There are 2 protein chains.
Amino acid sequence: MTRRVDALSRERIVGAAVEMLDESGESGLTVRALAARLNTGLGAIYWHVTNKDDLLVAATDAVLTGALDTAAADPADTVRAVALGVFDAVDAHPWTGTQLPRLTSQLTTLKIFERLGRQVRALGVPAAAQFDAASALLNYILGVAGQNAALARSVAPGTDRATVLRSMSATWAALDQDEHSFARTVAGRLADHDDRAQFLAGIDLILAGIRALVPAPAPSP
Amino acid sequence: MTRRVDALSRERIVGAAVEMLDESGESGLTVRALAARLNTGLGAIYWHVTNKDDLLVAATDAVLTGALDTAAADPADTVRAVALGVFDAVDAHPWTGTQLPRLTSQLTTLKIFERLGRQVRALGVPAAAQFDAASALLNYILGVAGQNAALARSVAPGTDRATVLRSMSATWAALDQDEHSFARTVAGRLADHDDRAQFLAGIDLILAGIRALVPAPAPSP
DNA sequence: ACCTGAACACCGTTCAAGT
DNA sequence: ACCTGAACACCGTTCAAGT
């Protein structure tokens with residue numbers, strides 16, 4: 001029997017696309033380069049995939065869907081777990097930070113929104129406020145994702161974040177004192193702050209605001 | 001004297017770019033089309049502008065910087081005013097929602113961050129927590145900007161949002177009940193919800209969380 | 001059914017040459 | 001100093017033709 005080691009398929013194409021995106025970012029993924037890596041022609045790709053956008057959506061979904069099946073006992077902790085799942089996935093695959101907000105990736109985003117919304121409901125937020133609360137969490141998470149993607153794209157793939165932050169911190173520290181008094185004050189903290197912890201701090205800020213929406217339980221007798 | 005009505009300049013180029021972006025989105029702006037609109041050659045553009053990215057950054061900054069000089073008496077209200085300024089600017093020029101998170105637009109983002117940070121400081125947040133609080137506000141604002149940009153890009157420029165929301169609402173309502181119970185519940189609200197109000201609700205959620213960070217003042221005697 | 005690769009209709013950017 | 005426009009090195013996508 002012949003081993004079709006290299007049988008082409010949608011999965012193999014998407015997998016190779018993810019690898020190329022990880023290695024060289026969004027600009028590194030061209031259909032031609034993808035075909036070359038898979039040892040085929042251009043048309044072969046287009047047989048399995050509608051177009052480049054379809055490919056990007058599939059790649060984003062592949063990376064993020066796996067990141068979502070975390071859970072915790074507490075609804076608040078589950079929110080944190082889901083948020084961190086997205087954060088870590090975007091951290092490992094920075095190009096997803098740009099893809100996620102795109103409407104074509106809406107199905108992936110909807111999965112995140114659904115998980116967040118259920119926790120908001122479980123926290124006891126009144127029905128009328130659930131939509132706003134879940135949206136706030138989602139938008140914050142997507143915002144951080146976008147910023148991290150930008151940060152990662154600004155440096156050669158593989159550069160450690162400490163280097164980037166150090167240089168950014170130096171820039172901020174040199175800013176005009178009058179016009180940028182806050183940025184200058186914060187510059188010192190920027191160099192050695194923990195992105196992940198700061199991300200969680202933001203989640204906790206929103207969760208605190210959400211908790212304030214929950215009506216107080218009847219006082220115990 | 002000759003009226004040099006059409007003297008080329010960086011400002012005129014950036015202005016024309018903003019118009020083209022407004023009319024036909026990011027994909028509608030090509031250097032060739034821009035040259036044609038300004039009745040010049042390709043090279044003329046590149047004499048005044050480093051490259052296309054430079055142009056996009058300048059266009060984004062032009063649109064957003066004006067949106068930031070709002071103020072209010074209360075720090076919390078100023079946060080709301082700045083946030084709404086960004087929201088409305090992105091609403092009027094959806095392509096900025098995608099540009100803003102890019103690192104090349106960092107200077108524009110820094111202006112927003114600075115304004116937010118000052119209010120956080122004015123609110124009495126302890127120094128150690130100011131960075132996290134200002135970042136949370138910024139990331140939320142950028143997240144909403146990105147989502148609104150995606151929404152706007154999904155329809156022909158000029159389509160009113162109600163139409164988009166109605167179709168999205170219909171999609172959500174048709175989702176599988178088990179897998180998407182939250183999205184389905186919320187679908188009804190989606191059709192007629194006010195984006196701007198929801199955006200502000202998110203800001204208020206974060207502000208509520210931030211207020212909880214402020215140490216209580218000494219009790220009045 | 002699946003794949004090939006030439007061809008099409010674009011891009012951003014450069015640069016010798018003009019005024 | 002400022003502008004022209006041909007040329008370069010790419011793109012994504014299509015499609016007749018092959019197996």
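What you are looking at is a predicted structure, and each value in this text was computed from that prediction instead of being measured. All chains are named by letter (A, B, ...) in the order of the sequence lines, taking the proteins before the strands, and each is independently numbered beginning at 1.
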> Roughly, in whole Å, what's the span from CG in B:Leu55 to C1' in C:dG12?
Replying inline: 12 Å
> Could you give the CD1-to-P distance, from A:Ile13 to C:dC2, as a whole number of Å?
Replying inline: 11 Å
>> Stem finding on DNA chain D, please: runs of three or more consecutive Watson-Crick or G-U wobble pairs, both distances under 3.5 Å, sorted by first number.
In response: C:4-8 with D:12-16, C:12-16 with D:4-8
What nitrogen or oxygen pairs link the protein and nucleotides 4-8 of chain D at under 3.5 Å?
from  : atom 1 : to      : atom 2 : distance (Å)
D:dT4 : OP2    : B:Gly41 : N      : 2.7
D:dG5 : O6     : B:Gly43 : N      : 3.2

> How many Å lie between NE2 on B:His48 and P on D:dA1, as a whole number?
Replying inline: 13 Å
> Out of C:dT13, D:dT13, D:dC3, which has the shortest distance to the side chain of B:Trp47?
Replying inline: D:dC3
>> What is the separation between atom CG on A:Asn51 and atom P on D:dT14, rounded to the nearest whole Å?
In response: 8 Å
> Within the structure shown, what part of the strands sits under 4.0 Å from A:Leu29 by heavy-atom distance: base, sugar-phosphate, or nothing?
Replying inline: sugar-phosphate
>> Using the salt bridge (charged side-chain N to carboxylate O under 4.0 Å, His left out) criterion, which residues pair with B:Asp54? Sequence neighbours excluded.
In response: B:Arg10
>> Classify the ring geometry of B:Phe131 against A:His193: parallel below 30°, tilted from 30° to 60°, perpendicular beyond 60°.
In response: tilted
>> As a test of reading the structure: which of D:dT14, C:dC2, C:dG12 is closest to the side chain of B:Thr30, going by heavy atoms?
In response: C:dG12
> Could you give the CG-to-C1' distance, from A:Leu56 to D:dG12, as a whole number of Å?
Replying inline: 12 Å
> Side chains of A:Asp61 and A:Thr65: donor-acceptor distance under 3.5 Å anywhere?
Replying inline: yes
